Amino acid sequence: MWSIFRKKEPTADAPIKEAKAPLIQDGEQPKIQVLGSIGCVSCKMQLAQMQEALKELGQPISNVEYVEDIEVALKYGIMSVPAVVINGKVIGSGKVIKKAQLVEMLKGQIG
């Protein structure tokens, strides 16, 4: 959405970045952010996909924060939205990550 900051869009076959160490410790509530912009349909879809993934994992959807502040995105070095951040680590940006992928990525992270 922020075309002046846009970098090359990832291809559909590009792998999603996966965390090497658990992002969430046992018993800890994850801090999940979906970064987007006002009026961004893809960003709202990403928020819905994340909420559905959390529901499937039995986690409260209130753990997801939708952030429209460009300063927050720039702090993480994100140049295109939507983006997903878990406990301060960017796990994907520039496209909507599907629910099934989110569930797989979060399975090992949420204890």
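Just so it is clear, the model here is predicted, and its values are computed rather than measured. Index from 1, following the sequence.
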ask   = Yes or no on side chain to side chain contact (heavy atoms under 4.5 Å, CB included) for Leu35 and Val90, after CA distance, side-chain angles and deciding distance?
value = CA-CA 10 Å; Leu35 308 181; Val90 178; over 6 Å; no
message = Testing Val67, Val72, Ile78 one by one against Val85 for a side-chain contact (heavy atoms from CB on, under 4.5 Å), which residue passes?
response = Ile78
ask   = Looking at Gly36 and Cys43, what are the two nearest heavy atoms and their distance?
value = CA-SG, 3.4 Å
inquiry  = Working to the nearest 0.5 angstrom, can you tell me the gap between Leu106 CG and Ile32 CD1?
reply    = 5.5 Å
query = Considering all heavy atoms of both residues, which atom of Leu57 and which atom of Lys107 are nearest to each other, and what is their separation?
reply = CD2-CG, 3.9 Å
request  = Please report the closest heavy-atom contact between Cys40 and Tyr66, naming both atoms and the distance.
outcome  = O-OH, 4.5 Å
inquiry  = Nearest 0.5 angstrom please: Met50 CE to Asn63 CG, how far?
reply    = 10.5 Å
inquiry  = Any heavy-atom pair between the side chains of Asp69 and Lys75 that's under 4.5 Å?
reply    = no
task = With rounding to the nearest 0.5 Å, note down the distance linking CD in Gln101 to CD in Glu104.
result = 9.5 Å
ask   = In Å and rounded to the nearest 0.5 Å, what is the OG to CE distance from Ser42 to Met45?
value = 5.5 Å
ask   = How many angstroms lie between NZ in Lys44 and CD in Gln49, if you round to the nearest 0.5 Å?
value = 14.5 Å
query = Just how far is it from atom CD of Glu65 to atom CG of Leu47, taken to the nearest 0.5 Å?
reply = 10.5 Å
note = In short, Ile97 meets Gly92 closest at the heavy-atom pair CD1-CA, 3.9 Å
query = Considering all heavy atoms of both residues, which atom of Ser93 and which atom of Ser80 are nearest to each other, and what is their separation?
reply = CB-O, 3.6 Å
query = Heavy-atom distance under 4.5 Å between the side chains of Val96 and Pro82, does that happen here?
reply = yes
